[in-house]
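In what follows, chains carry the letters A, B, and so on, assigned in the order in which the sequence lines appear, proteins first and then strands, with residues in each chain numbered from 1. Given the structure is predicted, the values throughout are model-derived calculations rather than measurements.
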Protein chains: 2
Amino acid sequence: MPSYRAPVEDTLFLLNDVLGFHNHANLAGFAEASPDVVEAVLNEGAKLADAVLAPLNRPGDVEGCTWHPDGSVTTPKGFKAAYDAYAQGGWMGLSVPEAYGGQGLPHTLNTAIQEFASGANLALGMYPGLTQGAMAALLVHGSEAQKATYLPKMVEGTWTGTMNLTEPHCGTDLGLLKTKAVANGDGSYGLTGTKIFISAGEHDLSENIVHLVIARIEGAPAGTKGISLFVVPKFLVNPDGSLGARNGVSCGSIEHKMGIHGNSTCVMNYDGATGWLVGQENRGLNAMFVMMNEARLAVGVQGLGQSEVAYQNAAAYAKDRLQGRALSGAKAPDRAADPIIVHPDVRRTLMGIRAFNEAGRALVLWTALQSDIVHRSEDPRERQAADDHMGLMTPVVKGVLTDRGFSNAVEAQQMFGGHGYVEEWGMSQFVRDARIAMIYEGANGIQAMDLIGRKLPKDGGRAMMTFLAEVQAFIKDNDEDEVLKPFTAPLQAGLNDLQGATMWLMQNAFTKPDNAGAGATDYMHLLGLVAMGYMWGRIAKAAVARKAEGNGAAARMDAKLVTGRFYMERLLPETAMRLVRIKAGADTTMALEADAF
Amino acid sequence: MPSYRAPVEDTLFLLNDVLGFHNHANLAGFAEASPDVVEAVLNEGAKLADAVLAPLNRPGDVEGCTWHPDGSVTTPKGFKAAYDAYAQGGWMGLSVPEAYGGQGLPHTLNTAIQEFASGANLALGMYPGLTQGAMAALLVHGSEAQKATYLPKMVEGTWTGTMNLTEPHCGTDLGLLKTKAVANGDGSYGLTGTKIFISAGEHDLSENIVHLVIARIEGAPAGTKGISLFVVPKFLVNPDGSLGARNGVSCGSIEHKMGIHGNSTCVMNYDGATGWLVGQENRGLNAMFVMMNEARLAVGVQGLGQSEVAYQNAAAYAKDRLQGRALSGAKAPDRAADPIIVHPDVRRTLMGIRAFNEAGRALVLWTALQSDIVHRSEDPRERQAADDHMGLMTPVVKGVLTDRGFSNAVEAQQMFGGHGYVEEWGMSQFVRDARIAMIYEGANGIQAMDLIGRKLPKDGGRAMMTFLAEVQAFIKDNDEDEVLKPFTAPLQAGLNDLQGATMWLMQNAFTKPDNAGAGATDYMHLLGLVAMGYMWGRIAKAAVARKAEGNGAAARMDAKLVTGRFYMERLLPETAMRLVRIKAGADTTMALEADAF
């Protein structure tokens, strides 16, 4: 039976020692998030994840969700009680403003808790996760009345939320959507159409489900410029806030999927369902995209969560399973064989996953901190810089952390040999569950296109130039430090590759966009590698400082330095390969006629 | 519903134009394999794969195998009829000597058919596949009486075969095995113990099941030097060849696995089961290892097969699914959107899989041809060279083709977006099924250790030196040809990396074996990349020659040249990264104490 232990210690180290979380007391909610409060919040969140969510992970996978002919959906046994514990612990509204019943704490903390929930039980964690996504959209784009109607109930957890974008014939290309909205004349609209792949579209966890739905108002322009966002509750809400009539939306079926069996993925049928416009008419995609940064960040965190739990179980197995002898001589001569962790190929696997996880976590928390600055700073310059960072790093966090989160889960599974392939051991589920994060909230190829086509050229490349300068400045400030040299020297090489790739794209992609498209995925990974390399540089610097304080964390800090060196020696050099591929351009890639495939 | 079309045309091109299959008429069975016969065999095999095996792939996954309390196992509906068609078509004994009822044709052809069967239906194809593995062991190590008793029935398909190695506490480290054999005094032995992960251990496809089992004879030395191989039929065989009493072996349960649901993975309980020694006492592992080259080659072929079927379905989807517009302007302006094959990131994915598949297929057939030479040549020098090649390339074919076969299936699945995650579309099954090939027949980390620890240093590195010289000679012979320059120049760079890595290991691994272990997986992939690069060089040369013949295959040959250039520009440069990782050595990898994980 697999287990999970939320990485509280590492998260605290990153917030306190690496990212200077407590230097942001000027931001709303940060003063309240004192070191004691942060530690208490993380420890409580860890308890929930480890003891309540994680034990339901495999049972939820085995049982899955059940659709009934009346359109209702039953979640796996225990999910309702666990969901209630989640809601009653106040986790849903951790970073929602107090005006709506939330705690107003930094989103950074919420992001840390999202990692814990995702690592413990991805399928279950998605129900509150989607509710948080829907709340974020309402917070930014909803009217005061809408916020007052929906948010407090969602913060309580008595109502949950969803996002309805995809239709059978359109996922990425939402301009093709067909769901229609017709004005009812009373300010509301009647929505008709079919949405697919709606996570948590129907279930038995909450009294009401608040669907955010994109649709085209009758007579609106074709394409993406004619899309509006609506709020469509499963049950209409009476003026006093109580539940009224059942709305014309129902779940037609649920999908049989590779993983996340505990989450209901629904076909939602809208049959003249009553909805209300959220934000401006025909500006629905813009409303969605604002929310998407955080939703995509949350999906990147899911990749990290699955990578972490897969690592933990693989490490435990490697210390337990006896097989073969160390190449350098028996390490457990009194036993029938050595534990497999003595084998360099097993170590390589574990070190690789770990080196990724720790830097990935730093990148996630750093980016979440920028999200707090965007929403809470009163300094427009600070807000802009943070917004630049968010725009640039969101596709990287989403695309790279889920690509590698999945491949790490596969590597961890591999260490179990045949046992990894047998469902009973739980490693297969981590792989199957992690797989979805590469797909939803914009498939990773779309993330790469978003990065290279939108985020990179935006404002004359300001965000990327700022990032490159920041990493360069870090190297310059530290390259005389002998202890940090194993970090700064490889980081410079990676940075050079990133600069080279950026330059090549500037020279070759504007005149021939296919050159950007053919290099997009490699560029996204190249940026991710360098961003995580930079994180390792900062982690190493903090570890050295922490050791110098001599407060007993020396062994843990030494492990950090070793793990970071592994990243620098083995993972970061991939940048050179990414650069070569980018520079290969699009000619060969696009040379064949479609018929040749 | 996914579909499959066996790559007959490509296989014929590789055999006829690239590998010079028909130059080996001196080998037994090759004269019979005239061009017409080869084409007919492949076309018939393709019909079976496309029309009989492939349609059962998804139904077999959904239904899976069923274990009954009496120890019997039911395979999915339709499997029995398809298996019978396979057997009655004479496929089981395609390359088995005629003396035992086979057709005595080259194993190379059998390997091509194995790819077709694996691509069409991996779970179903494993039943005959394991029978062929068991037959191979009996052919080499069985007594004349054993061969006469078992082989004709297995060739007919009325009896199937298995290999029983793994036990709950030992997979890789077979020296730990506990299954005991006690001499009965009549030449037979009584076997007692538990074997796990026995593919096709029990099922309803054949009248009898011939288990090859490794066990320790009472009093034999501990470790690997005390292991013997036995043949243990499910039903004892009477002197007249008819079935006798049920033997003391039974299936205790079957595993619930991530994939290959249509194949029964059994726990086999031996309770004083009667068995007969195959080959010499205490030489069971050697007997197994001889057979393993071909079994591992067959598993590598499974990786290729899954990669091919995933590619075919992804290519079809990419031409059909409308989403977005080409960056270079609409390609289907009369439709709502362009087919996604216009997008460079989609093309990159398809080209990458295809470039791998075509070179992988060449590597497989080239290696299978060496296996024929090993078993059929009368020239000891030729046999030795072929044996060297087999030893060196077997772990590469197994490890690299299954690692990348799996990751290719994942990439193909990704192109389907959310549909790829839904089981109905079939892409998830390719991923789940392909996953096992990385694990069984020696997990890929073990393949890497076998390569670097055994095959590479064997006979003073003769096999590797020969391979390096062969590739170098090819480059030298062709580097003045302008058309081939895009192949020879990158191949030289890859070869240099391989030589550099080999040199580094010679200098650093003998004194410190951990340096070999820490670089083993990277070295295996490095060799695989160069071997496939070499295949592309030869394919390109053959394509140029074929075009010059002007016999109407120009478009197909041009596509070959484009695909090969894609490999050279985008995939082969990975060698540099592999070299950097190898040279990083083991110090950082092994630096942490086990407790730190």
Side-chain angles (χ1 to χ4, degrees), chain A residues 166 171-173 176 197 255-258 315 319 323-324 327-328 336-337 341 343-345 347-348 350-351 414 417-418 421-423 428 435-436 438-440 443 445 448-449 513-514 517-518 520-521 559 562 565-566 569-570 573-574 576-577 580-581 584 586 588-592 594 596-597, chain B residues 166 171-173 176 197 255-258 315 319 323-324 327-328 336-337 341 343-345 347-348 350-351 414 417-418 420-423 428 435-436 438-439 443 445 448-449 513-514 517-518 520-521 559 562 565-566 569-570 573-574 576-577 580-581 584 586 588-592 594 596-597:
Chain A
T166 304
T172 297
D173 188 355
L176 301 176
F197 302 155
E255 306 289 353
H256 298 277
K257 309 181 302 290
M258 185 176 180
K319 290 188 273 189
Q323 208 79 177
L327 296 172
S328 50
I341 200 166
H343 302 306
D345 194 58
R347 282 288 178 121
R348 175 192 62 80
L350 288 173
M351 289 296 293
Q414 184 72 12
Y421 200 64
V422 173
E423 291 293 348
S428 164
R435 184 68 184 86
I436 187 58
M438 297 160 73
I439 297 172
Y440 60 21
M449 290 303 296
D514 278 351
T521 291
V562 167
R565 281 207 306 276
F566 186 94
E569 292 172 9
R570 297 234 177 198
E574 189 182 311
M577 179 184 77
V580 168
R581 288 192 190 160
T588 308
T589 303
M590 304 302 286
L592 294 185
F597 286 89
Chain B
T166 306
T172 298
D173 189 357
L176 301 176
F197 302 155
E255 306 289 351
H256 298 277
K257 310 182 299 292
M258 185 176 180
K319 289 188 273 188
Q323 208 78 177
L327 296 171
S328 51
I341 199 165
H343 302 306
D345 194 57
R347 283 285 179 122
R348 175 192 62 79
L350 288 174
M351 289 296 293
Q414 183 72 12
Y421 200 63
V422 172
E423 291 293 348
S428 163
R435 185 67 184 88
I436 188 58
M438 298 161 71
I439 297 172
M449 290 303 296
D514 278 351
T521 290
V562 167
R565 283 207 305 275
F566 186 93
E569 292 172 7
R570 298 233 176 199
E574 190 183 312
M577 178 184 81
V580 168
R581 288 191 189 161
T588 307
T589 303
M590 303 302 286
L592 295 184
F597 286 88

Legend entry - Interface moiety of A:E255 toward chain B, non-hydrogen atoms closer than 4.5 Å: side chain

Inset, instruction - Output the option from A:E569, A:R348, A:R570 having the highest count of non-hydrogen pairs under 4.5 Å with chain B. - result: A:R570

Inset, instruction - Report the C-alpha distance between B:L327 and A:M449 in whole Å, list the side-chain angles of each, state the deciding distance to 0.1 Å, and finish with yes or no for side chain to side chain contact (heavy atoms under 4.5 Å, CB included). - result: CA-CA 11 Å; B:L327 296 171; A:M449 290 303 296; 4.0 Å; yes

Legend entry - Approximate separation, where rounding is to 0.5 Å, of A:T589 OG1 and B:R347 CZ: 9.0 Å

Legend entry - B:Q414 side-chain N/O to A:A443 backbone N/O, donor-acceptor pair under 3.5 Å: no

Inset, instruction - Search all heavy atoms of B:L592 against all heavy atoms of A:A559 and return the closest pair with its distance. - result: CD2-CA, 3.7 Å

Legend entry - A:T172 versus B:Q323, side-chain donor and acceptor atoms under 3.5 Å: no

Legend entry - Which atoms of A:M577 approach chain B - backbone, side chain, both or neither, heavy atom under 4.5 Å: side chain

Inset, instruction - Grab the two heavy atoms, one from B:S328 and one from A:D514, that are nearest each other, plus how far apart they are. - result: OG-OD2, 4.1 Å

Inset, instruction - Taking all heavy atoms of B:M258 and all of A:S428, pick out the closest pair and write down the distance. - result: CG-OG, 3.3 Å

Inset, instruction - For A:I439 and B:G418, work out which heavy atoms get closest and say how close. - result: CG2-N, 3.4 Å

Legend entry - Minimum heavy-atom distance between B:L176 and A:A336, given as atom pair plus value: CD2-O, 3.5 Å

Inset, instruction - Of all the heavy-atom pairs spanning A:G517 and B:P344, show the shortest one and how long it is. - result: C-CB, 3.5 Å

Legend entry - Check: B:R581 and A:E574 side chains under 4.5 Å, non-hydrogen atoms: yes

Inset, instruction - Just jot down the ring-ring contact (aromatic ring centres under 6.0 Å, His included) partners of B:F566, sequence neighbours excluded, or say none. - result: none

Inset, instruction - Heavy-atom distances under 4.5 Å only: say whether A:F197 touches chain B with side chain, backbone, both or neither. - result: side chain

Legend entry - Any B:E423 side-chain heavy atom under 4.5 Å of A:K257 side chain: no

Inset, instruction - Under 4.5 Å heavy-atom distance to chain B, tell me which part of A:A576 shows up: side chain, backbone, both or neither. - result: neither

Inset, instruction - Would you mind telling me which of A:A591, A:A586, A:A596, A:A594 has the largest number of heavy-atom pairs within less than 4.5 Å of chain B? - result: A:A594

Legend entry - Distance, nearest 0.5 Å, that separates NE2 of A:H343 from CE of B:M590: 9.5 Å

Inset, instruction - Tell me, out of B:A315, B:A584, B:A448, who's got the most heavy-atom pairs with chain A below 4.5 Å. - result: B:A584

